[in-house]
2 protein chains.
Amino acid sequence: MALTIGMLGRATHTKVETIRYYERIGLLSAPGRSGGNYRSYGEAELGRLSFIRRARQLGFSLDQVRALLELSDDRGRDCATVDALARGHLAEVERKIADLAALQRELAAMVDSCHGGTVGSCRIIEALGPTRSD
Amino acid sequence: MALTIGMLGRATHTKVETIRYYERIGLLSAPGRSGGNYRSYGEAELGRLSFIRRARQLGFSLDQVRALLELSDDRGRDCATVDALARGHLAEVERKIADLAALQRELAAMVDSCHGGTVGSCRIIEALGPTRSD
DNA sequence: GCTTGACCCTGTAGTTGCTACAGGGTGCAT
DNA sequence: ATGCACCCTGTAGCAACTACAGGGTCAAGC
């Protein structure tokens, strides 16, 4: 069961360049080469890359993914660290949601206040300029 | 009323480097120089930079800000374009909120399922690995 | 008048997480 | 043998800044 980089990419919905990038930054280790210097992947790499992609989809940064991978390799260890990492990320996501919600309210109010007309009297432009003197 | 770049930065909560960056990419035009080749700003630049920072705070991209600035300079024009831009951005923000909310639900479920123990039996790690065979 | 320190200048490289070439080599089918 | 899909390396680009390095300027205090 040897995969080329293209096959691995298709299996994990990952661009070939992205896989090479992960290798370059040390998130994936360099795989074996076969025949004409092509990368050759197996089951293990498929699992690892799937893990990475799933974590990325959940919004973990590459550094967080790196930490999760390291932790997950040490199966005997207490999973409190993993839990803390996930909880931290969750808190971050919740903060972002709150920020965006505030933004959304402001934008909605801005858009609502526009009743057409010219830019000169546009409430949106007005809302952006704090002191449009003149 | 001439401002140095540092004063302008303090007045608009903008780092000096950021102001120079905005000038480099043409968002701010090059100001006059005074004395020993220092940039010298006036009321107009203060207003323009405030506008930019406010729009950025509201999550508009620099390209969107550039468009808004161009539109706001033409005060006789119909403000429908401004409205469309703001509405488009609002829709984008709302999409982001929905995405993050979905993420939040998944992360919360993941974190909830962790009841301590070792990494080997950690539900979080399990949730990330789709097919951790073996 | 000379030093100290805060400020200013230019130019370049780093950040995150990829993506997109350019300029080649390989493998398989026709 | 020739086309085509795929692979290789290396480098540069995206957003939107940020952070230096290596200098020049200016006002105050001694």
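Just so we're clear, the structure is a prediction, and the values are computed from it rather than from any experiment. The chains referred to below are lettered A, B, ... by the order of the sequence lines, with proteins before strands, and numbering in each begins at 1.
Summarising the geometry, the separation between CG on A:Leu49 and P on C:dC18 is reported as 11 Å, rounded to the nearest angstrom. A:Met7 has its CE atom 14 Å from the C1' atom of C:dG27, to the nearest Å. A straight line from CZ of B:Arg33 to C1' of D:dC26 spans 16 Å, rounded to a whole angstrom. As a whole-Å value, the separation of A:His13 NE2 from C:dC18 C1' is 18 Å. To the nearest angstrom, C1' of D:dA15 lies 13 Å from CG of B:Leu27. Distance A:Tyr41 OH to D:dC7 C1': 11 Å, rounded to the nearest Å. Atom CD1 in A:Ile19 sits about 13 Å away from atom P in D:dT9, given to the nearest Å. The nearest whole Å value for the distance from the CD atom in B:Glu23 to the P atom in C:dC8 is 14 Å.
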Start with the C-alpha distance between B:Gln64 and B:Glu92, add both sets of side-chain angles, then the distance that settles side chain to side chain contact (heavy atoms under 4.5 Å, CB included), and finish with yes or no.
CA-CA 13 Å; B:Gln64 288 173 321; B:Glu92 210 179 294; 4.1 Å; yes
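Counting any heavy atom pair closer than 4.0 Å across all strands shown, B:Arg20 reaches a base atom. Residue contacts shown for B:Ile25 are absent, as no nucleic acid heavy atom lies under 4.0 Å away.
Between A:Lys96 and B:Lys96, the closest side-chain pair of non-hydrogen atoms is not below 4.5 Å.
Taken to the nearest 0.5 Å, the CD atom of A:Glu45 stands 11.0 Å off from the OG atom of A:Ser50. Taking CG from B:Leu68 and CG from A:Leu128, the interatomic distance works out to 6.0 Å, rounded to the nearest 0.5 Å.
Dashed line: the shortest gap from a side-chain N or O of B:Arg66 to OP1 or OP2 of D:dA15 is not under 4.0 Å. Within the structure, a side-chain polar atom (N or O) of B:Arg39 is placed less than 4.0 Å from OP1 or OP2 of C:dC9.
Taking the side chain of A:Arg10 as heavy atoms from C-beta on, and the options D:dT9, C:dC9, D:dC6, the nearest nucleotide is D:dC6.
With A:Glu106 contributing its side chain and A:Leu103 its backbone, the two residues share no donor-acceptor pair below 3.5 Å. Panel note: side chain A:His89, backbone A:Leu58; a donor-acceptor pair is recorded below 3.5 Å.
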So which protein nitrogen or oxygen atoms get under 3.5 Å of nucleotides 16-19 of chain D's nitrogens or oxygens?
residue, atom, partner, partner atom, Å
D:dA16, OP2, B:Leu62, N, 3.3
D:dA16, O3', B:Arg56, NH2, 3.3
D:dC17, OP2, B:Tyr22, OH, 3.0
D:dC17, OP2, B:Arg56, NE, 2.7
D:dC17, OP2, B:Arg56, NH2, 3.3
D:dT18, OP2, B:Thr18, OG1, 3.1

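Of the candidates B:Arg48, B:Glu17, B:Arg53, B:Arg53 is the only one forming a side chain to side chain donor-acceptor pair (under 3.5 Å) with B:Tyr22.
Taking for each of A:Gly35 and B:Val16 the nucleotide of DNA chain C with the nearest heavy atom, the 5'-most of the two is the partner of B:Val16.
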